[in-house]
Trainee: 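Just passing along the structure, written as structure tokens.
Convention: sequence-line order gives letters A, B, ...; per-chain numbering from 1.
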2 protein chains.
Amino acid sequence: MTNIRDLAREAHVSVTTVSRVLNDHPYVADDKRQAVQAAIQKLGYIRNQTAVHLSTGQTHTIGVMLPFVDHPYHAAILQGIARCAFEEGYRFLTWQTNYVESHEHTVLKALAQREVDGLIIVSHSLSVDEILQYEQYGPIVFCEYHPHASSVYINHYTAFQKGLKALQSLHHTEIGICLGRPDSTNSLARKQAYQDTVSDDARPEWIYEQALTIEDGAHVARAWLNQSQRPTAILTASDHVAAGIILELREQGYRIPEDLAVIGFDGSDLAVVLNLTTVAVPYETIGRHAFSIAISDSWQQHPQTEIPTTLKNGTTASILCVK
Amino acid sequence: MTNIRDLAREAHVSVTTVSRVLNDHPYVADDKRQAVQAAIQKLGYIRNQTAVHLSTGQTHTIGVMLPFVDHPYHAAILQGIARCAFEEGYRFLTWQTNYVESHEHTVLKALAQREVDGLIIVSHSLSVDEILQYEQYGPIVFCEYHPHASSVYINHYTAFQKGLKALQSLHHTEIGICLGRPDSTNSLARKQAYQDTVSDDARPEWIYEQALTIEDGAHVARAWLNQSQRPTAILTASDHVAAGIILELREQGYRIPEDLAVIGFDGSDLAVVLNLTTVAVPYETIGRHAFSIAISDSWQQHPQTEIPTTLKNGTTASILCVK
DNA sequence: CCTTGCCGTGAAACGCGTTCCATAGATTAA
DNA sequence: TTAATCTATGGAACGCGTTTCACGGCAAGG
């Protein structure tokens, strides 16, 4: 493997000059520049990026921590990160943690070990304080709302409220909700929105937890079927869950939305094919913003960027469109 | 930032000994080992991975080239790679190329520049020969069949044939197919399977190309509607396209499968919610295999690993299940 | 004519962990 | 008892690009 010292010898210049040519530094005479370029051609030189990384102390790489890469919601954020990273000449490393804390620590350590210049945390189970201890090693940007950290987020409180109010405007008073991991930041905000919005009508047995997948949705549907007092509408925290509920109930001969109105969350392809009413979230935008904060200096101010959501009409909340 | 020389000074040993402690080398006396560990604690030393990479000439990182990260099919492969990478203590970098050749070159250059130890190519538009020129810099594993390269693949010919034969066994003789990028390796194999399997009934106007997304599926449906001679069944190359066709036709008042039988491809969530008959592909398995080949020495023999597919019954090819 | 200041160039240090090689005492095999 | 190993340890080179600093030359400002 030829290196810049070989080039310097070949071109009869110093390594400094070679480095200048490589980095387009202006203070190089034309003849020397050409001599170096000729040497590069002749010896087939290829720059060793690892050496650059060590020398500059930067890897031009951002790490992404997320529980699963194959959930459409995460994939869409990755998409945004990927786009932005490419444009900026950055790379990104993805770590799938499955919400295992030791795995999350591995990721944080990678920042400390300077494997990456910064970290984007899509979702996590470690406490924010614990994570923020690593901020001394580089920027950490959350894709969730955290008041004392850089965060790009959607307001799950108002987003959920949007869904609930839509159901109320369709004269539903008996409304249930589905949540994912019950103690996650997002779930807490959603639960709060539920309690505040339906207030007197809020019922603990109408809060279905641990609902993340299509199968979980089917479980929810069966739980609903077994209840003596059933809500007439359910707002879910993901299109997958909404899909599971709808499929299971249709299977059992129930009609959507006549027997149960359902609203999804995400605005995924599933919502398109099932014509779900859903709270659409621009995940790609979240990824883009998170990335650009991670590579700028602005992260030090812990900027808060709220990304708006929109209610997208389908036919699962009401045959008539929700206005 | 403290480094191993600081540690050596603090612990009154040589840097070599420090390095040995860090790497669990046996030839270190217990007292020295403890002295070093104490120094690590005291000075808060954190290993600089970049220096390790430069020194060892390995990055413990594999690059993944794919056109889009948010397609479920690619996300599932990534999932497999992510799992395997984590288990092996490797990292992976994802590059989204959008099938742009210059972007693909960027990825290949990264291998040459030793940013990654190897490359997994999920899908590409550059020629295989061009890509293989970079094999001198490290392993390159394809997730498609290429006889002269390491590849982990599903046999698109037999997989497609499976779908076609299922339709034939349902007494369809007028069968159309949807393809993605018409000249991709996969499409060529599929086209061949089509021509061989339906032979006399193959019709160029029943080969719908450039069909990749749900919307593309809707286009196909409209094209089908406008044809005077229509196939009675369509085998698609992705569940998205199948979904698009079905939704558009249902919208127009047609019935699936009575008016048109449809079979998808991938075995994605869409297939689940629409109860699609589909050719299920274990993408995660592909990712796992590709990764383990990339980090072993076996790639040099250009191993060929075929991953089997299965036909999954739904209700879009026949009300009765396909046997 | 002298002082700034910019241009062009190179030696050497730097970032930092790994590893080859030499050294020396302690064992074990012969 | 001697030769051959094994254990333990350190110096120094290595991987390789970047950057600081110093220096000579030359043009513009005063």
Trainee: Could you state the CD-P distance from B:Q49 to C:dG17, rounded to the nearest angstrom?
Mentor: 10 Å
Trainee: Let's test your reading of the model: under 3.5 Å, does the base of D:dG17 pair with the side chain of A:R47 as donor and acceptor?
Mentor: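 Counting by modelled atom types and ignoring angles, no donor-acceptor contact under 3.5 Å is found here.
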Trainee: Take the protein atom CD of A:E115 and the nucleotide atom C1' of C:dG15, then report the distance between them rounded to whole Å.
Mentor: 17 Å
Trainee: What is the distance from CZ of B:R5 to C1' of C:dC16, rounded to the nearest Å?
Mentor: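 Atom CZ in B:R5 sits about 6 Å away from atom C1' in C:dC16.
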Trainee: Return the orientation label for the A:H71 and A:H74 ring planes: parallel under 30°, perpendicular over 60°, tilted otherwise.
Mentor: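 Rings of A:H71 and A:H74: perpendicular, as their planes differ by over 60°.
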Trainee: Starting from the 5' end of DNA chain C, give me the residue, A:T16 or A:A51, whose nearest nucleotide shows up first.
Mentor: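 The residue whose closest nucleotide sits nearer the 5' end is A:T16.
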Trainee: Measure CG/B:L7 against C1'/C:dT18 and give the value in whole Å, please.
Mentor: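 Between C1' of C:dT18 and CG of B:L7: 15 Å.
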Trainee: Using only side-chain N and O atoms of B:N48, determine if any of them is under 4.0 Å from OP1 or OP2 of C:dG15.
Mentor: no
Trainee: Please determine whether a side-chain nitrogen or oxygen atom of A:T17 lies at a distance below 4.0 Å from atom OP1 or OP2 of C:dG10.
Mentor: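 Result: yes.
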Trainee: Are any of A:S14's side-chain N or O atoms less than 4.0 Å away from OP1 or OP2 of C:dG10?
Mentor: yes
Trainee: Just by distance, with hydrogens left out, do A:R47 and A:N3 show a side-chain donor and acceptor under 3.5 Å apart?
Mentor: no
Trainee: Taking only the side-chain nitrogens and oxygens of B:Y27, find out if one of them lies under 4.0 Å from OP1 or OP2 of D:dG10.
Mentor: no
Trainee: Take atom CD of A:Q58 and atom C1' of C:dC14, then tell me their distance rounded to the nearest Å.
Mentor: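 The distance from CD of A:Q58 to C1' of C:dC14 comes to 16 Å, rounded to the nearest Å.
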Trainee: Could you check how far CD of B:Q113 sits from P of D:dG17, rounded to whole Å?
Mentor: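 To the nearest whole Å, that distance equals 11 Å.
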Trainee: Determine, for A:E87 against A:R288, whether the closest basic-nitrogen to carboxylate-oxygen distance falls under 4.0 angstrom.
Mentor: yes
Trainee: Going by distance alone, is a donor N or O of one side chain under 3.5 Å from an acceptor N or O of the other, for B:H146 and B:E144?
Mentor: yes
Trainee: Using a 4.0 Å heavy-atom cut-off, does B:S19 contact any base of the nucleic acid, only the sugar-phosphate backbone, or nothing at all?
Mentor: base
Trainee: Would you kindly check whether a donor in the side chain of B:R20 faces an acceptor in the base of D:dG10, or vice versa, at under 3.5 angstrom?
Mentor: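 It does, because a donor-acceptor pair links the side chain of B:R20 to the base of D:dG10 below 3.5 Å.
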Trainee: Side chains of B:S238 and B:D266, heavy atoms from C-beta outward: is any pair under 4.5 Å?
Mentor: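 SC-SC contact between B:S238 and B:D266 confirmed.
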Trainee: For DNA chain D, whose closest nucleotide is more 5', that of B:H12 or that of B:L54?
Mentor: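 Checking each residue's closest nucleotide, the 5'-ward one belongs to B:H12.
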Trainee: Contact class for A:V13 (heavy atom, under 4.0 Å): base, sugar-phosphate, or nothing?
Mentor: sugar-phosphate
Trainee: Where the side chain of B:V28 is defined as all heavy atoms beyond and including C-beta, which of C:dA12, C:dG8, D:dT9 is the nearest nucleotide?
Mentor: D:dT9
Trainee: B:I4 CD1 to C:dG15 C1': how many Å, rounded?
Mentor: 12 Å
Trainee: Given atom CD1 of B:I46 and atom P of C:dC16, what is their separation to the nearest angstrom?
Mentor: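 So the two atoms are 12 Å apart, to the nearest Å.
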